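In what follows, a structure is listed as structure tokens, so that the remarks can point back to it.
In what follows, chains are A, B, ... by sequence order, proteins preceding strands, each numbered from 1. Since the model is a prediction, treat every value here as computed from it, not as a measurement.
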Amino acid sequence: MSHGQRVSHCCRPGTPLWLLAAALFFTGCEPPGRPNQADRPLRPDQVMSFDRLYGTRCAGCHGAEGNLGAAPPLNDPLFRAAVGEEELAEIIRSGRPGTLMPRFGGEPPVLTDAQIKLLVFEIKGVPYRVRSQFDEITGPSDFSVEVAADGQPPQWGTVSKRPDDMPSLTPSSAESGDAKRGLQVFAQACAKCHGERGEGGKDDGPGAINNQAFLALISDQALRRLIITGRPDLGMPDYAGKTGRPDDFKPLTAADVADLVALLASWRETGANAQP
Amino acid sequence: MTDINDPTSRRGDVSAQVANPSRRWFFRWLTYLMGAAATLVLAVPLIGYLVSYRRQRPPWIKLGAVTDFPQNVTRMITFDNPLKQPWDGMVAHTGVYVRYLGADDRQQDQFLVLAVNCTHLGCPVEWFEGSGLFMCPCHGGVYYENGEHASGPPPRGLYHYVWRVRDGQLEVQAPHFPTLHDTLRDRA
Amino acid sequence: MFAWLRTAARWLDHRIGISTDIVPVMKHPVPRQLEGPMGWWYVFGSASLTLFLVQILTGILLALVYVPSADEAYETLLYMNYVQPLGWYIRALHYYAGSGMMVMVLVHMTQVFLQGAYKYPRELTWVVGVFLLLCTLGMFFTGQILRWDPDAYWGLAVGGSMVGRVPGAGPELVSIMLGGPIIGADTLSRFFALHVFIIPGLLILLLSLHLWLVVKQGVSEPPVPGQQVDPQTYDAHYEGELRRGVPFWGEALLRDAFFSAVVVIAVALFAAYMGPKGPDLPPDPTLQGANPRPEWPFLWLFALLSLSPPPAETFIILVLPVILILGLLLVPFVSNRGERAPSRRPVAVLSVIVIYTTLGVLTYEGITSPWSPHMTAWSGDPVPVSMVKQSTPLQLQGAVVFQSKNCRNCHALDGVGGRRGPDLSTVGTRLTRDQLIDQVSNGTPGGGYMPAYGKQVNPAEMTALVDFLVSLRPPGHPPAYNPAEQPSPRSVEPGTDGEATANRP
């Protein structure tokens, strides 16, 4: 932003008048009360700092640092590597149907397209630059956000490459899971912590996931995402993680994931105690 | 009669020389009367000017086609209030919460059109889609999605705009600033 | 040359009467004690006057740039802040000198009240002073409007809504106040005229009367315990004081001048260090996130209106101010004789303490405004990590429900979030599952502060939310237990809360 460069200058030339006044009253040379363009009040649509955008719109559910929040972490290496930029933008714009993730675009928009783009670049770990017009009186306007290798480095660092064997976050249309097979996958991949039928493990375990209220509040898509990326911030392994899994555990395939989702979906409909 | 050339009349005892008391009396009361008339002539238009403004029949404002409003979704629609002055600038921007309620039994489209002004002290209420509540930032008044008072200090529910559907368009009557004794009633 | 000047001076003096009429007034005798340490009590009135002069000066300077037009006012303020050299400083001076004037007027009044200086024969001086206080408050309110940002716009909305409560004439008064049917250009012009012509004109008029009365009735002598004011004898007594008095033009004036200088320097420093107040965002009433706050002299009223029961509000808005003003006006008539020394007037001292404590507490409440929901808390204040870590999947969903249903806007977790409702960090130790379901579904009974969420959450959301809330307990604490409730708490074991709900029908 064009006003970024004018902050720390002391005693700029061309303003002898206030310099004189300042010299009269102060030992320093910039009166602290002088309004600074960098601190000007911004309309919600003029806010282009990731800290402020994320801190007011996302942190409540996704956690202050993008993890250890109530909702699935955004600052998650696998998620950041695998999610598509357009897909991410669409989730922010329209929310996730079937979950409590609200929309931030739409009518009237909560976030502008440029702000959504900024969030996407930050989450995807793409260095970017914010361009804007700047007027001394009315402040910044006409924002655009573009990829720039030498631009703003993303706060959560860059993203490593998506592992080759990682199932896609979005199910391919041909896939349809089989709940019965899902139960076998479940026994191998999940049961140790979540219990044989998802009823929850021992005292310090992660708790039940066969709960109909829980399943009613989470969509198949969100389940799929959690199965693939896990919740490393809470100790849940990802699709390939070995923690708490048998020694011969093999990374889950796309089909495995689809079967697991189908199993959980069937629990949502009929409860965990009915046969899948 | 006083003679202005008479040196004694310049300083001193004028009243002693009144020649025609009834004429004096008349002149005094005439002055009172004239003064009162002058005051009135001035005051009436001055006060009239002070308390009056351009009163006009509130025009109708198109908010959009009925089909543009998804059912049971509350949205803020903004428009420039036509009751503004040409030099009003952005202050004339007006927000209104619109919710399409679907068609009733007689196939008439029904809308909920609510003012943003809290009925407590006029602050702008904000709509929260997640909880389906309007909340006021000033004193914490809360309203349900149908505009009814839910909690907090407001004495009543949100003000309803006067609206109609014409040629498939939702229209509202240009709103004045609504207050407790002066809600948005039909003024057409 | 000098002879010519002297002639000119004599001519002027003869025509105006400086040496015969004005100099004696400046040299009028004041009680001798004003030269002693007690004299420092008498400096606050002149400090108010000095700051008023600063206000006139800076006000005129601001008027050179400010455009009182609804579509340009805001930009001219930004122009002063960022472009016009020293524009920001004049704006800051005007704000802090105004605040200082408000403070000085209050201190001056308090001093006059505590030392009984309003008693015979200075009742009218006090009455005029009360109107000067009202003018100062009026300047503060109208001045905030000229800042023409959302605070100004919504301040007008609040003012209009208050006026609109007047029975009968309300709507008519609102349109007179706004200058039209809506808050707009005419409103700004009206408040500009009030701030720049009407109230200052009135203020100058009243101030002249106030000063005339000060000269006419004389400055009160410092109170002496045991010395009673009696209208029968006071005049003779005061005359005696003056015979032993000293001229105002001298030590007394020097003190006034010294203190005024201190105050002006303090204001200048404040202005330079704090900078101008606002303007905040543009005055667009459709901007989301507006959070209107009144200026500091009105915060107590803001708090009073929030804390009072709704049925009493119209009374507080319309009648209470009249009672307060009448009370102030009646002070010198209720007690215009007797003791003046604060040490002999416990009721006066006590009422000052009570009034300032009340105002102070209300102002503090007004600053923190715990009754206001935090509008972005639901999406901005993270669920505390410790709660996330101990949660089951269902409880995590409950936490998301808690956030997305905006509970956080009014309820804090670990002290972060809204403060309208109680902090819920340990609610699981206070309320049982059924009590929580009842509280969430029905809100505060009888239209209190919590809305009924019964229709705002679906059964799954309710289950998850309540499961989360029940889990909010310090480690090792058992859940709340209500003996009247079925089933007994033994069926709910810690750590398996989720399961217990899951298997409910």
Side-chain angles (χ1 to χ4, degrees), chain A residues 15-18 21-22 25-26 31-37 40-44 55-65 68-71 99-102 108 110 136-139 194 199-200 202-218 233-234 271-273, chain C residues 75 78-79 81-83 85-86 88-89 92 149 268-269 271-276 278-282 284 287-289 376-383 385 387-389 391-404 408 458-464 467 495-496 498-499 501-502:
Chain A
T15 47
L17 242 179
W18 69 256
F25 287 108
F26 310 102
R34 185 165 192 261
N36 189 328
Q37 286 281 10
R40 65 181 298 142
L42 295 175
R43 290 196 312 267
T56 53
R57 305 290 186 192
C58 319
C61 292
H62 292 289
E65 302 295 327
L68 290 171
T99 71
L100 289 160
M101 167 77 189
V110 182
E136 259 189 310
I137 295 177
T138 54
H194 289 295
E199 71 278 6
K202 294 149 214 81
D203 278 355
D204 269 354
I209 53 168
N210 64 1
N211 187 301
Q212 275 179 293
F214 163 71
L215 290 167
L217 297 174
I218 190 165
D233 53 340
L234 294 180
N273 296 326
Chain C
E75 287 200 0
L78 290 180
Y79 172 81
N81 268 11
Y82 295 118
V83 184
L86 288 171
W88 67 272
Y89 184 62
D149 56 6
L269 286 176
Y273 275 94
M274 308 296 289
D280 203 345
L281 293 178
D284 181 347
L287 273 184
Q288 289 284 300
T376 57
W378 69 278
S379 58
D381 293 346
V383 178
V385 169
M387 295 180 188
V388 171
K389 280 186 168 164
S391 287
T392 66
L394 179 66
Q395 287 159 1
L396 279 181
Q397 289 295 353
V400 178
V401 172
F402 185 80
Q403 298 287 114
S404 66
R408 197 72 185 273
N458 63 35
E461 288 166 343
M462 179 68 90
T463 306
D467 206 51
T496 55
E499 198 189 0
T501 351

Counting heavy atoms not belonging to A:Glu65, are there more than 12 under 6.0 Å from its CD?
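Not buried by this count: 12 neighbours or fewer within 6.0 Å.
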Atom pair [atom1] ([X]) and [atom2] ([Y]), whose distance is rounded to the nearest 0.5 Å:
X        : Y        : atom1 : atom2 : value
C:Asp467 : A:Phe214 : CG    : CZ    : 12.0 Å
C:Leu78  : A:Arg40  : CG    : CZ    : 5.5 Å
C:Gln397 : A:Leu215 : CD    : CG    : 9.0 Å
A:Arg43  : C:Gln288 : CZ    : CD    : 14.0 Å

Residue [X] versus chain A: region with a heavy atom under 4.5 Å:
X        : answer
C:Leu287 : side chain
C:Glu461 : both
C:Asp381 : backbone
C:Pro282 : side chain

Heavy-atom side-chain proximity of [X] to [Y] below 4.5 angstrom:
X        : Y        : value
C:Val401 : A:Leu100 : yes
C:Trp378 : A:Cys61  : no
C:Asn81  : A:Arg34  : no

Ignoring hydrogens and angles, tell me if any N or O in the side chain of C:Ser379 forms a donor-acceptor pair with the backbone of A:Thr56 under 3.5 Å.
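Such a contact is found between C:Ser379 side chain and A:Thr56 backbone.
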Residue, of A:Pro35, A:Pro102, A:Gly55, that accumulates the most heavy atom pairs under 4.5 Å with chain C
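The answer is A:Pro35.
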Shorter than 4.5 Å, heavy atoms on both sides: which option in A:Val110, A:Thr99, A:Leu234 has the most such pairs with chain C?
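The candidate making the most pairs under 4.5 Å is A:Leu234.
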Restricting to non-hydrogen atoms, name the atom on [X] and the atom on [Y] that form the minimum distance, rounded to 0.1 Å.
X        : Y        : answer
A:Gly33  : C:Pro276 : O-CD, 3.5 Å
C:Pro393 : A:Pro206 : CD-O, 2.7 Å
C:Val388 : A:Ala70  : CG2-N, 3.9 Å

Counting only heavy atoms closer than 4.5 Å, note whether A:Leu42 contacts chain C via side chain, backbone, both or neither.
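Backbone only.
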So for A:Leu217, is it side chain, backbone, both, or neither that comes closer than 4.5 Å to the heavy atoms of chain C?
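Both backbone and side chain.
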Counting heavy-atom pairs under 4.5 Å with chain A, which one of C:Leu396, C:Asp149, C:Thr376 comes out on top?
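Max contact count across the listed options: C:Leu396.
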